[in-house]
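Basis for what follows: all heavy atoms, side chains included, without hydrogens, waters or symmetry-related copies.
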Amino acid sequence: GSLEEIGRLQYYISLLGRVRLGAEHPDYRTLVSLATQVLVGHILLSWEIVSGMSLAALADRKSTAEELKVFATKICHTYVSAHAVKDVSGQPDSEIQDRVLQNIILLNRDLLIFYKLDLAISLGDFGHVEIFLGTLTMMFAGAGCKNYTTELLHFIQNFFEQNKIWTSNFVNVVWDNVLINISGCDGHTVGVDKNCEQNINFQKVICISSVRQLITTLLFHTELVHSHFTSNLNDISQ
């Protein structure tokens, strides 16, 4: 999107002063923070619009679970779902009735997928992540991300197809290790690739230490061999 189109992600990047997110390689955690901030802001505003009262008044009202469910369902159908996009877009051949609202609905839908995916990963719920694999593949394909699309298609085909290259034992290994929680604390699970990035310095230290130990061992054995060979030569010469 562009800065002029209200409701697009680029508009909020400029509005909130997150200018670095507009670069080619934005920081992931900053992007997650922005996405969460925009999504929560949109949803809270939707609660006020649907209920017809402020959040404080809604909290004081002490609505029942059924009343809150009605509000939540209306928010989903009006400001999040695919049906909401069709309702605000009008007829296929006519001009869009409300471009800003359509942008907000599309952004809500995409950010909610991103939010639920990030939440499922942090909770270590790969079953929930599995549900989003097809959707993510289509999103990457639509955005022109050929590498991500190819990798996800390869992963899905080998993970779920019966006639696949991966064996069932290898699939089980992937299933058990694709999400890792090295801290043991709830909500701190990360993907295996991110775990490698976070522990790269630690891994370098281990690698360097192992290499040094290997070199020391080799030098020690080389010195032993040299001493033994020299001793044999001296015995022969005598």
Side-chain angles (χ1 to χ4, degrees), residues 1 5-9 11-13 15-16 18 28-92 94-140 142 156 160 175 178-179 181 183-191:
E5 285 196 79
I6 300 176
R8 293 293 187 95
L9 185 60
Y11 169 81
Y12 288 106
I13 290 175
L15 180 66
L16 298 175
R18 308 290 182 87
Y28 175 74
R29 295 315 308 177
T30 307
L31 183 60
V32 171
S33 174
L34 173 72
T36 304
Q37 186 177 359
V38 172
L39 177 63
V40 171
H42 280 178
I43 298 301
L44 290 179
L45 179 61
S46 300
W47 274 97
E48 291 187 340
I49 295 174
V50 170
S51 65
M53 62 188 76
S54 66
L55 292 176
L58 181 62
D60 294 337
R61 186 170 179 264
K62 300 186 184 303
S63 303
T64 64
E66 287 300 321
E67 291 174 331
L68 293 177
K69 183 179 179 181
V70 171
F71 288 150
T73 302
K74 188 173 182 180
I75 289 172
C76 180
H77 290 330
T78 309
Y79 298 106
V80 178
S81 67
H83 293 290
V85 179
K86 294 180 180 179
D87 290 341
V88 77
S89 299
Q91 298 300 321
S94 64
E95 293 186 0
I96 294 175
Q97 299 174 358
D98 193 335
R99 171 72 70 176
V100 173
L101 182 57
Q102 187 200 36
N103 290 340
I104 291 175
I105 295 172
L106 290 172
L107 189 60
N108 284 343
R109 183 192 62 186
D110 294 342
L111 290 183
L112 189 60
I113 293 174
F114 182 74
Y115 176 80
K116 292 178 69 176
L117 177 65
D118 186 67
L119 183 62
I121 292 174
S122 64
L123 294 175
D125 184 2
F126 182 73
H128 210 149
V129 174
E130 179 185 333
I131 296 174
F132 288 109
L133 291 178
T135 301
L136 291 173
T137 304
M138 290 186 287
M139 291 176 69
F140 283 130
I156 292 172
F160 300 107
W175 181 284
V178 70
L179 299 178
N181 187 345
S183 68
C185 301
D186 293 337
H188 286 73
T189 305
V190 296

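Inter-residue side-chain proximity for Glu130 and Phe160 is flagged as met; some heavy-atom pair is nearer than 4.5 Å. The closest side-chain heavy-atom distance from Ser51 to Arg61 is not below 4.5 Å. Contact annotation: the side chain of Ile104 never approaches that of Tyr79 to less than 4.5 Å [non-hydrogen atoms, C-beta and beyond]. By the 4.5 Å heavy-atom criterion applied to side chains, Leu123 and His128 are not counted as neighbours. For the pair Leu117 and Val129, the minimum side-chain heavy-atom distance is below 4.5 Å. Residues Leu112 and Ile43 are not in side-chain contact: their nearest non-hydrogen atoms beyond the backbone lie 4.5 Å or more apart.
Considering every non-hydrogen atom in both Arg18 and Thr30, the closest pair reads NH1-O, 3.7 Å. Here the closest heavy-atom approach between residue Thr78 and residue Ala84 is recorded as O-CB, 3.3 Å. Considering every non-hydrogen atom in both Thr64 and Glu67, the closest pair reads N-OE1, 3.0 Å. Considering all non-hydrogen atoms of both residues, Leu179 and Gly191 come closest at CD2-CA, 4.1 Å.
Residue Phe132 holds its CZ atom at 11.5 Å from CE of Met138, rounded to the nearest 0.5 Å. Note that CD1 of Ile113 and CG of Asn108 are 11.5 Å apart. Values are rounded to the nearest 0.5 Å. Ile75 CD1 to Leu44 CG: the interatomic distance, rounded to the nearest 0.5 Å, is 9.0 Å. Taken to the nearest 0.5 Å, the NZ atom of Lys116 stands 8.0 Å off from the CD1 atom of Ile131. Note: Leu9 CG to Leu31 CG = 7.0 Å, rounded to the nearest 0.5 Å.
Atom NE2 of His83 has 12 or fewer neighbouring heavy atoms from other residues, nucleotides or ligands inside a 6.0 Å radius. Atom OH of Tyr115 sits in a sparse spot, with 12 or fewer heavy atoms from other residues, nucleotides or ligands closer than 6.0 Å.
For the side-chain contact (heavy atoms from CB on, under 4.5 Å) criterion with Leu107, the lone passing option out of Gln102, Arg8, His42 is His42. With Thr36 as the fixed residue, the side-chain contact (heavy atoms from CB on, under 4.5 Å) test singles out one of Leu39, Val38, Val32: Val32.
Side chain of Asn103 to main chain of Ile6: a donor-acceptor pair is present (N/O by atom type, distance under 3.5 Å, no hydrogens or angles). Formation of a donor-acceptor pair under 3.5 Å by the Asn181 side chain with backbone atoms of Cys185 is found in this model.
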